Number of protein chains: 2
Amino acid sequence: MEQHSPSKKIKSILADRKAYTTPHRQAIVNLLAQSKPMSAQDIISALKKADINRATVYRELKFLKELGLIEELQLPGRKKYYEIQKHHHHHLICTRCHTIKQLELPRLVCKLLADITYINNCTITNHNLEFSGLCNRCQKYL
Amino acid sequence: MEQHSPSKKIKSILADRKAYTTPHRQAIVNLLAQSKPMSAQDIISALKKADINRATVYRELKFLKELGLIEELQLPGRKKYYEIQKHHHHHLICTRCHTIKQLELPRLVCKLLADITYINNCTITNHNLEFSGLCNRCQKYL
DNA sequence: TTGACAAATGCGACAAAGTCGCATATTATA
DNA sequence: TATAATATGCGACTTTGTCGCATTTGTCAA
Ligand SMILES: [Zn+2]
Ligand SMILES: [Zn+2]
Ligand SMILES: [Zn+2]
Ligand SMILES: [Zn+2]
C-alpha cells in the first residue's frame with residue numbers, strides 16, 4: 001500500500017499546472033484510486049467526514065478531468081460518473097441492479113474508433129462507449 | 001412530403017399500446033422527424049407556439065422512447081438529446097461549436113460490439129457510442 | 001351521435017445535479 | 001515569514017427532470 005500520499009507523478013502534473021497539492025484534492029484522488037466509478041454525490045457522501053463543500057467537489061472533479069487525472073463517464077442516466085483508469089476501458093451498466101462492470105473489449109475496436117477521424121474529415125479526441133444490459137448475476141433471474 | 005400526418009405505422013404502434021394520437025404527440029414526432037437531435041428544452045422552445053407544458057414534453061419523450069419511436073442520446077454534457085433514427089448511427093459533438101454531426105462508422109464496429117456479450121458473460125441490449133472532438137469546420141480554426 | 005372510461009394535459013411544487021460570485025483561508029516559494 | 005496565487009466555504013441561483021392531482025381530450029362501442 002504505497003498509495004496513501006499522492007505519487008510523484010501526480011505531484012509533478014499538479015506542479016506543472018501551478019496547482020496546489022491540497023488535502024481535499026488528495027482525498028478525492030485517493031478515494032477514486034481505490035473504488036468503482038462514483039458520481040459527485042457518491043464522493044460527497046463518502047467524504048462527509050472530511051467535510052468538503054459540494055461546490056468544491058464539483059470544481060475539483062472538473063479540474064482533475066481537465067488535467068487528465070480522472071475520467072468522466074457518460075452512462076445512461078442523468079449523472080456523470082468519475083473514475084481513475086489504469087488502462088483505457090469501457091463499462092456495462094445493468095438495467096436491473098444498476099451495477100457498473102468493467103468490460104473486456106477486443107483491442108481492435110478502440111483502434112477502429114480512432115480511424116473514424118479519417119473517414120469523416122474531423123478530429124476525434126475522445127470516444128464515449130458504454131453498454132447497457134444485464135450483468136452476469138441478473139441475467140440468471142430474467 | 002407525405003410526412004405531415006403520422007404514418008400508418010406509427011398509428012398502429014400507438015394503437016397497439018392503447019396510446020392516443022394526440023396533437024402534442026404528433027407535433028413532437030413531426031418535429032424530430034425533420035430536425036437534428038434536440039434536447040427537451042430545444043423541443044419546448046421550438047414548440048412554444050403550440051404551448052405545450054414542460055412536464056408534458058418530458059413525459060412524452062420518455063414514452064416515445066419506451067415505444068421505440070425515438071432514440072435518446074447520451075452525449076458528453078448534462079442533457080439528453082432525442083432523435084428519430086432512420087438507421088442506427090452515432091455522432092460527433094464538437095467541443096468548440098457544440099454542433100452534433102452524424103458519423104460514418106464501419107459496419108464492422110457495431111457488429112463487434114454485439115459480440116462483447118459472449119466475451120463478458122453478460123447480456124448487452126444497447127450500446128451508447130458517441131464521439132467528441134472538432135467538426136470539419138472548427139478544425140480549420142485551431 | 002353520444003356517453004363512458006382510459007389516457008393525456010396543465011399546473012405548481014418539488015428534487016437532483018451542477019454553477020457562480022465573492023469573501024476568506026490555505027499553499028508554495030522566495 | 002511575507003506575498004501572491006490558488007483553493008475553499010457559503011449561499012444563491014440555474015438547469016434538468018419528476019410527481020400528484022384536478023381537468024380535459026381521444027377512442028370506441030352502444
Ligand atoms: Zn445486475
Ligand atoms: Zn475505447
Ligand atoms: Zn465545430
Ligand atoms: Zn452502433
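All chains are named by letter (A, B, ...) in the order of the sequence lines, taking the proteins before the strands, and each is independently numbered beginning at 1. Because the structure is predicted, anything quoted here is derived from the model rather than measured.
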When you check the gap from the basic side-chain N to the acidic O, do B/Glu60 and B/Arg25 get nearer than 4.0 Å? yes
With [X] via side-chain contact (heavy atoms from CB on, under 4.5 Å) - residues at least two apart:
X: A/Lys65; answer: A/Ile70, A/Glu72
X: B/Arg78; answer: none
X: B/Asn126; answer: A/Ser132

Quiz item: A/Arg54 side-chain donor-acceptor pair to D/dG9 base, under 3.5 Å = no
With B for base contact, S for sugar-phosphate-only contact and - for none (protein heavy atoms under 4.0 Å), nucleotides 21-30 of chain C reads B-----BS--
Between its two end axes (five pairs each) the helix from C/dT1-D/dA30 to C/dA30-D/dT1 turns, nearest 10 degrees, through 30°
Applying ring pair (Phe, Tyr, Trp, His ring centres under 6.0 Å) to B/His24 and not counting sequence neighbours gives none
Applying ring pair (Phe, Tyr, Trp, His ring centres under 6.0 Å) to B/His87 and not counting sequence neighbours gives none
### Query
Are A/His127 and A/His88 near enough that their ring centres are under 6.0 Å apart?
yes
Between [N] ([atom2]) and [X] ([atom1]): distance, integer Å:
X: A/Glu60; N: C/dG18; atom1: CD; atom2: P; value: 16 Å
X: A/Lys62; N: C/dG18; atom1: NZ; atom2: C1'; value: 9 Å
X: B/Leu14; N: D/dT27; atom1: CG; atom2: C1'; value: 13 Å
X: B/Gln41; N: C/dG18; atom1: CD; atom2: P; value: 18 Å
X: B/Leu64; N: C/dA7; atom1: CG; atom2: P; value: 16 Å
X: B/Phe63; N: D/dG17; atom1: CZ; atom2: C1'; value: 19 Å

Picking from D/dA7, C/dA7, C/dT9, the nucleotide nearest the side-chain atoms of A/Arg25 would be D/dA7
Against the side chain of A/Tyr58, the closest entry in C/dA17, D/dG17, D/dA7 is C/dA17
Under 3.5 Å, is there a donor-acceptor pair between the side chain of [X] and the main chain of [Y]?
X: B/Thr117; Y: B/Thr123; value: no
X: B/Glu130; Y: B/Pro76; value: no
X: A/Asn120; Y: A/Cys122; value: no
X: A/Glu71; Y: A/Ile84; value: no

Q) Are any of B/His24's side-chain N or O atoms less than 4.0 Å away from OP1 or OP2 of D/dT25? A) no
The correct set of residues in residues 43-53 of chain A placing a heavy atom under 4.0 Å from DNA chain D is A/Asp51, A/Ile52, A/Asn53
With a 3.5 Å cut-off and sequence neighbours excluded, list the donor-acceptor pairs that the side chains of residues 101-110 of chain A form with protein atoms.
| unit_1 | atom_1 | unit_2 | atom_2 | d |
| --- | --- | --- | --- | --- |
| A/Gln102 | NE2 | A/His89 | ND1 | 3.4 |

With sequence neighbours left out, the residues meeting side-chain hydrogen bond (donor to acceptor under 3.5 Å, both in side chains) with B/Thr22 are none
Identify every side-chain donor-acceptor pair in residues 45-52 of chain A under 3.5 Å, counting partners at least two apart or on other chains, and give the distances.
| unit_1 | atom_1 | unit_2 | atom_2 | d |
| --- | --- | --- | --- | --- |
| A/Ser45 | OG | A/Gln41 | O | 3.0 |
| A/Ser45 | OG | A/Gln41 | NE2 | 3.3 |

In numerical order, the residues of residues 69-82 of chain B whose heavy atoms come under 4.0 Å of DNA chain C are B/Arg78
